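When reading the values below, keep in mind they use all heavy atoms of this one structure, side chains included, and skip hydrogens, waters and symmetry mates. The structure displayed is predicted, hence computed values, not measured ones.
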Amino acid sequence: MAETPPTPYDSLFKQLMGNEENAAAELRSALPEVAAARIDWRWLKPYPGSFVRPDLRQRHSDLMLETRLVGGGEAFLYCLVEHQSSPDSLMAYRIEEYRLRFWSVWRDKHPGAKKLPMVIPLVMYCSPEGRRWNASLDLAELIDLDEQTRAAFGELVPRSRYLLDDVNRLDEPAMLALRQPPELRVLKVLLRFGPGNPALVALLTQDYGPDLQASFNAVGGDGRFEYVMQYILTVTDGSIGEGDLEPLYELLGPRAKEIAVTLAEKFEARGEARGEARGEARGVVRGRTEERAETLLELLQAKFTSVPTEFINAIRAADITQLRAWTKRALTADALDGVFS
């Protein structure tokens, strides 16, 4: 799908949920036992690509996992994290849209298939404001019908349910009590309590120190720690200084300090560069980007007659690198979806 630059949420989510143990634990806890027993968890692995619409990448991050069913047969588990302040009231529709996008990609790879693989969707919701999920879990509930008409239509009313993990239902003691792998708890703590929280490092090291140590000391843990640190430095928006990171260094050791200091220096240098060049450079870049966006829209409208609003919004929100990539595809694509896929 579209090569949109990842958000810190997206990078962290895919790194930690891409671990098969974490993904299996999350999905097992959400599935009914009889359904979980029909999945052969030994085959679980990430499936490439994102199926979220380009204009919603800042709101949703997704991860598709491939597995097999007991007795044979391919199946997929679709995980999506919603990390905005309020629930998406149309999530049941969004999930079905993303599932159809996946099936379309899958059918291109299996042109002779007569049936479709099972896709089980799960939404993980983490609001920095602590709001609980209150959106419909079934597409049928979004169809505008009065009760009498709904009853009359019966099975003609389309149904499509998704699983929900409302992380906001958990306070700090409940989060600590979760019987899940350490990295999965760390992920949920970061998503739930991280944004704008200057005390985030203290919370992690005091209450989740063993989880951090277990994650960091595991195979590949230092690489995943880079994504944790990148997320912390991004979502705390400069409220954490070098001294605030000392508890992390004491807990995890010199290698963690090396990673954290290197990332902090990059963030600081990036901020200084932005500050020094903010005036003139911002105007020049914005002007070039807007010009490139309008040029791409004109090309798409000339070639494909009309461009849906979702793609217009995505083009106008994209940076210059993404616009260049889409423009190259537009020159050779036979269909509009080919530009953004």
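With a 6.0 Å radius and a threshold of 12 heavy atoms from other residues, nucleotides or ligands, Y227 has its OH atom at or below the threshold.
Side-chain contact check for T262 versus E226: every heavy-atom pair is 4.5 Å or farther apart. Inter-residue side-chain proximity for Q15 and E183 is flagged as unmet; no heavy-atom pair is nearer than 4.5 Å. A 4.5 Å side-chain heavy-atom check between H60 and D88 finds at least one atom pair inside the cut-off. When side chains are defined from C-beta on, C79 does not count as touching E26, because their heavy atoms never get closer than 4.5 Å. In this structure the side chain of V81 never reaches within 4.5 angstrom of the side chain of L187, judged on heavy atoms. Side-chain contact between T327 and T295: absent, with no pair of heavy atoms (C-beta onward) separated by less than 4.5 Å. The closest side-chain heavy-atom distance from L323 to I315 is below 4.5 Å. Residues M124 and L191 meet the side-chain proximity criterion, which asks for heavy atoms closer than 4.5 Å.
Ion pairing of E290 with R316 is absent here, as no side-chain N (NZ or NE/NH1/NH2) approaches a carboxylate O to less than 4.0 Å.
When the side chains of ILVMFWY residues are joined at heavy-atom separations under 4.5 Å, either directly or via intervening members, V70 and F76 end up in two distinct hydrophobic clusters.
The structure places CG of D138 at 10.0 Å from CD of E96, a figure rounded to the nearest 0.5 Å. One distance of note links CG of D211 with NZ of K188; it measures 12.0 Å at 0.5 Å rounding.
In this structure, a donor-acceptor pair under 3.5 Å is absent between the side chains of W133 and E82.
With sequence neighbours left out, the salt bridge (charged side-chain N to carboxylate O under 4.0 Å, His left out) criterion links R107 to no other residue.
Aromatic rings from F102 and Y78 are positioned such that their centres are separated by 6.0 Å or more.
Ring geometry for F216 versus F225: interplanar angle over 60°, hence perpendicular rather than tilted (30 to 60°).
Hydrophobic cluster membership of L90, counting Ile, Leu, Val, Met, Phe, Trp and Tyr whose side-chain heavy atoms lie under 4.5 Å apart directly or via other members: Y93, L139, L142.
Of the candidates D165, D166, D171, D165 is the only one forming a salt bridge (Lys or Arg N to Asp or Glu O under 4.0 Å) with R169.
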